[in-house]
Asks: 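Attaching a single structure in structure tokens format; questions to follow.
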Amino acid sequence: MRIGLIGSGGREHAMAKALRRQLERDTLFVYASHHNPGIDHLADETLVGSLADASAIVEFFSAHQVDFVAVGPEVPLMAGAVDALRAAGVPTVGANQAQAQIESDKHFMRRLLAKVVPWGSPDWQLVHSRKEAEEFIKKVGEVAVKPTGLTGGKGVQVMGTQLLTVGDALDYIDEWLAQDSAVLLEERLVGEEFSRMVFASDEVLAPVSVAQDFKYAYEEDRGLMTGGMGAYTMADGSMPFLTEENLEQADKLMAQVIHALGEESGAPYRGVLYGQFMVTARGIRVIEFNARLGDPEAINVMTLLEGDPAQVFFDIARGQLDTANVHFAKSASLTKYIVPAEYPEQSIKGRKFAFDTAKVEAAGFQVIFASVQAASGDLWETLGSRTLAVVGLGEHPGRLCESMEALLAELQPDTLRHRADIGSRELIEQKTARMAALRRGEQG
Ligand code: GLY
């Protein structure tokens, strides 16, 4: 098979590893915003260009006569690259431009959900003035402030977390009103977050193991929001703080949204839908949707995906997915991103460091490259964002966390850091106890 892939981060390195599993059979062509040493190692050719340039993307993949293209990041989806590839006859795994609004326009998402699953949203309102915002806050109490467009996961701020007073919230709302003339306010939800992704090929859906992502920069969810510092999954594919009913409701809701996106856009949904949910004492609610695999969650799930991922993606792209071919290892998984010590406050480029990837692999883990390039000798060099990740599979995230921490204590240079708490047994037990307390009506 001749495989096409768009993107150059950790998510795409994990996708490339899975898609290129049949080394003898397949070839891989990559269109990327920068060279990723892990992807370059697997690719027959990489072209660096703008991810928003749909014409260049079509030209590259048409020239290589690929059988299908898998899209990693959101930018090409929103730029219409999927529409252009399909128009050129290239089957593609990714949302078209109209469908990608589920991610790019939070107001579109809330309106669509209000039509198909009204109970799935917290109380929300698009406000155009400080006065409207004050009235909404008076009505619902604490809110999350959400710019309607894309902010790289860093624009949302929540009262009680980043916004400590009503005045802080109103000032932040004013900032976005000055820029966008409207901002979305949502009732603040209390509970546990989880990520449910689903492979969708027309109306055939294959749910992916549930993951929990950690967006905050530092342990105990302190500091600024990041693209995601790591994620874990459990061996049973769910989370200990979720009931079967919670998960069934999430899957049913996703199916209804995929159906609605197909109807509204006039084209079947062939790609990945990512639901970011909060389970609360009142049941599950949607925080947001992404029209793609999450990052870091993709690193977990692409590592867990067994069998022939290239065939699965080819089938999704052609609307011929057979769910009997989608298997995930019955293991837990843990991914931790390693980032420059100053991330995300500063973008540190060109910092050279040593990292013994052979030792990581000898310990049973895999290295996923992201915002990094090879420097001279055995050194690597940061490109500014999340540098690289370590991922492993095992019986329980807690056990994986212990051995990953021992390994990183030995290998990680002082100029880089990661979150030690992600996946620890103690953290997972705390989350489960907190959710149980919420269900009993206690504050947790
Ligand atoms: N992990 C969240 C995201 O990919 O947006």
Side-chain angles (χ1 to χ4, degrees), residues 33 50-54 73-81 95-115 120-189 193 215-217 223-228 257 260-261 264-265 273-276 278 285-292 294-295 344-345 347 385:
S33 58
S50 162
L51 294 180
D53 188 343
E74 59 278 19
V75 171
L77 306 176
M78 286 142 205
N96 68 24
Q97 198 171 30
Q99 294 162 348
Q101 290 175 92
I102 195 79
E103 171 167 1
S104 64
D105 182 344
K106 292 189 173 63
H107 188 215
F108 169 90
M109 182 278 271
R110 285 294 174 214
R111 279 179 295 154
L112 184 111
L113 203 54
K115 266 193 249 170
S121 286
D123 219 346
W124 63 272
Q125 189 176 327
L126 186 74
V127 300
H128 301 83
S129 68
R130 190 177 171 104
K131 186 161 177 295
E132 272 184 285
E134 276 171 334
E135 280 165 11
F136 185 73
I137 293 172
K138 219 176 266 167
K139 181 176 131 204
V140 305
E142 291 187 322
V143 298
V145 181
K146 298 189 169 181
T148 56
L150 289 183
T151 56
K154 296 163 198 157
V156 176
Q157 295 208 0
V158 183
M159 287 175 73
T161 306
Q162 299 92 349
L163 306 168
L164 297 181
T165 64
V166 174
D168 290 346
L170 291 169
D171 290 346
Y172 189 59
I173 290 165
D174 274 342
E175 273 176 42
W176 281 101
L177 287 176
Q179 193 173 314
D180 283 354
S181 78
V183 67
L184 192 65
L185 301 189
E186 296 178 0
E187 164 201 8
R188 180 187 179 209
L189 295 172
E193 285 188 29
K215 291 209 171 73
Y216 288 93
L224 297 179
M225 294 273 218
T226 70
V257 168
L261 285 171
E264 293 229 344
S265 66
L273 185 69
Y274 166 126
Q276 182 79 39
M278 178 84 85
R285 298 288 182 273
V286 173
I287 300 175
E288 64 181 33
F289 284 112
N290 294 321
R292 53 170 173 83
D295 188 354
E345 287 88 355
S347 168
S385 190

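Please read these numbers as outputs of a predicted model, since none were measured by experiment. Along the sequence shown, the residues carry numbers beginning at 1.
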Asks: Roughly how far, to the nearest 0.5 Å, is CD of Glu74 from OH of Tyr274?
Replies: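 Taking OH in Tyr274 and CD in Glu74, the distance rounds to 11.5 Å.
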Asks: With sequence neighbours left out, what residues match Ser265 under side chain to side chain contact (heavy atoms under 4.5 Å, CB included)?
Replies: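 With sequence neighbours excluded, Ser265 shows a side chain to side chain contact (heavy atoms under 4.5 Å, CB included) to Asn96, Ala98, Gln99, Ala267, given in chain and number order.
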Asks: Keeping the roles fixed (side chain from Thr148, backbone from His107), state whether a donor-acceptor pair exists under 3.5 Å.
Replies: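 No; judged by distance alone, with no hydrogens or angles, the pair does not exist.
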Asks: Which atoms form the tightest heavy-atom contact between Ile287 and Met278, and what is the distance?
Replies: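 Answer, listing the atom of Ile287 first, then Met278: CD1-CB, 3.8 Å.
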Asks: Between Ser121 and Leu113, which heavy-atom pair has the shortest distance, and what is it?
Replies: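 In this case the closest contact between Ser121 and Leu113 is OG-CD2, 3.3 Å.
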Asks: Residues in side chain to side chain donor-acceptor pair (under 3.5 Å) with Gln97, at least two apart?
Replies: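 For Gln97 there are no side chain to side chain donor-acceptor pair (under 3.5 Å) partners, ignoring immediate neighbours.
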Asks: Do Leu170 and Glu134 come within less than 4.5 Å of each other through their side chains, counting heavy atoms only?
Replies: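 Yes, close enough: below the 4.5 Å cut-off.
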Asks: Would you say the side chain of Ile137 lies within less than 4.5 Å of the side chain of Val127, judging by non-hydrogen atoms?
Replies: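 SC-SC contact between Val127 and Ile137 ruled out.
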Asks: Test: salt bridge (charged side-chain N to carboxylate O under 4.0 Å, His left out). Region: residues 155-175. Which pairs qualify, not counting sequence neighbours?
Replies: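 Every salt bridge (charged side-chain N to carboxylate O under 4.0 Å, His left out) pair that includes a residue of residues 155-175, provided the two are not neighbours, is Arg130-Asp171, Arg130-Asp174.
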Asks: Of all residues at least two apart in sequence or in a different chain, which pass the ring pair (Phe, Tyr, Trp, His ring centres under 6.0 Å) check with His128?
Replies: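 Once residues adjacent in sequence are excluded, His128 has no partner under the ring pair (Phe, Tyr, Trp, His ring centres under 6.0 Å) criterion.
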Asks: Could you tell me the separation between the NZ atom of Lys215 and the OG1 atom of Thr226, rounded to the nearest 0.5 Å?
Replies: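 Answer for the NZ-OG1 pair, Lys215 versus Thr226, is 8.5 Å.
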Asks: Nearest 0.5 Å please: distance from the CG atom of Leu273 over to the CD1 atom of Ile102.
Replies: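 Taking CG in Leu273 and CD1 in Ile102, the distance rounds to 6.5 Å.
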Asks: Start with the C-alpha gap between Trp124 and Val140, add the side-chain angles, then the distance that decides, and say whether side chain to side chain contact (heavy atoms under 4.5 Å, CB included) holds.
Replies: CA-CA 9 Å; Trp124 63 272; Val140 305; over 6 Å; no
Asks: Test of understanding: with salt bridge (Lys or Arg N to Asp or Glu O under 4.0 Å), list the residues that count as partners of Glu135, not counting sequence neighbours.
Replies: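 Here the qualifying residues are Lys131.
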Asks: Got a list of side-chain donor-acceptor pairs under 3.5 Å for residues 176-188, not counting sequence neighbours?
Replies:
| unit_1 | atom_1 | unit_2 | atom_2 | d |
| --- | --- | --- | --- | --- |
| Trp176 | NE1 | Tyr172 | OH | 3.0 |
| Glu186 | OE1 | Arg110 | NH2 | 3.0 |
| Glu186 | OE1 | Lys146 | NZ | 2.8 |
| Glu186 | OE2 | Arg110 | NE | 2.7 |
| Glu186 | OE2 | Arg110 | NH2 | 3.2 |
| Glu187 | OE1 | Asp123 | N | 2.8 |
| Glu187 | OE2 | Arg282 | NH2 | 3.0 |
| Arg188 | NE | Met159 | O | 3.4 |
| Arg188 | NH1 | Glu142 | OE1 | 2.8 |

Asks: Please assess Val145 against Val156 for the test side chain to side chain contact (heavy atoms under 4.5 Å, CB included), listing each intermediate value before the final yes or no.
Replies: CA-CA 6 Å; Val145 181; Val156 176; over 6 Å; no
Asks: Quick one: side chain to side chain contact (heavy atoms under 4.5 Å, CB included) partners of Ser347, sequence neighbours excluded?
Replies: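 By the side chain to side chain contact (heavy atoms under 4.5 Å, CB included) rule, Ser347 matches Lys349.
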Asks: What is the minimum heavy-atom distance between Leu224 and Pro344, and which atoms define it?
Replies: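 Minimum heavy-atom contact is CB-CG, 3.8 Å.
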Asks: Can you name the salt bridge (Lys or Arg N to Asp or Glu O under 4.0 Å) partners of Lys115, sequence neighbours left out?
Replies: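 Expected list: Glu264.
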Asks: By salt bridge (Lys or Arg N to Asp or Glu O under 4.0 Å), which residues pair with Arg111, not counting sequence neighbours?
Replies: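 Residues passing salt bridge (Lys or Arg N to Asp or Glu O under 4.0 Å) with Arg111: none at all.
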Asks: Do any pairs count as a salt bridge (charged side-chain N to carboxylate O under 4.0 Å, His left out) and have a residue in residues 96-108, sequence neighbours left out, and if so which ones?
Replies: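 Residue pairs with at least one partner in residues 96-108: Glu103-Arg292.
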Asks: Quick one: side chain to side chain donor-acceptor pair (under 3.5 Å) partners of Ser33, sequence neighbours excluded?
Replies: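 With sequence neighbours excluded, Ser33 shows a side chain to side chain donor-acceptor pair (under 3.5 Å) to Ser8, given in chain and number order.
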Asks: Which pair of heavy atoms, one from Leu77 and one from Ala291, lies closest together, and at what distance?
Replies: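 For Leu77 and Ala291, the tightest heavy-atom pair comes out as CD1-O, 3.2 Å.
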Asks: Report yes if the side chains of Gln157 and Met225 come closer than 4.5 Å at any heavy-atom pair, otherwise no.
Replies: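 SC-SC contact between Gln157 and Met225 ruled out.
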Asks: Using the test side chain to side chain contact (heavy atoms under 4.5 Å, CB included), find all partners of Ala260 that sit at least two apart in sequence or belong to another chain.
Replies: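 Side chain to side chain contact (heavy atoms under 4.5 Å, CB included) check on Ala260 returns Leu112, Val116.
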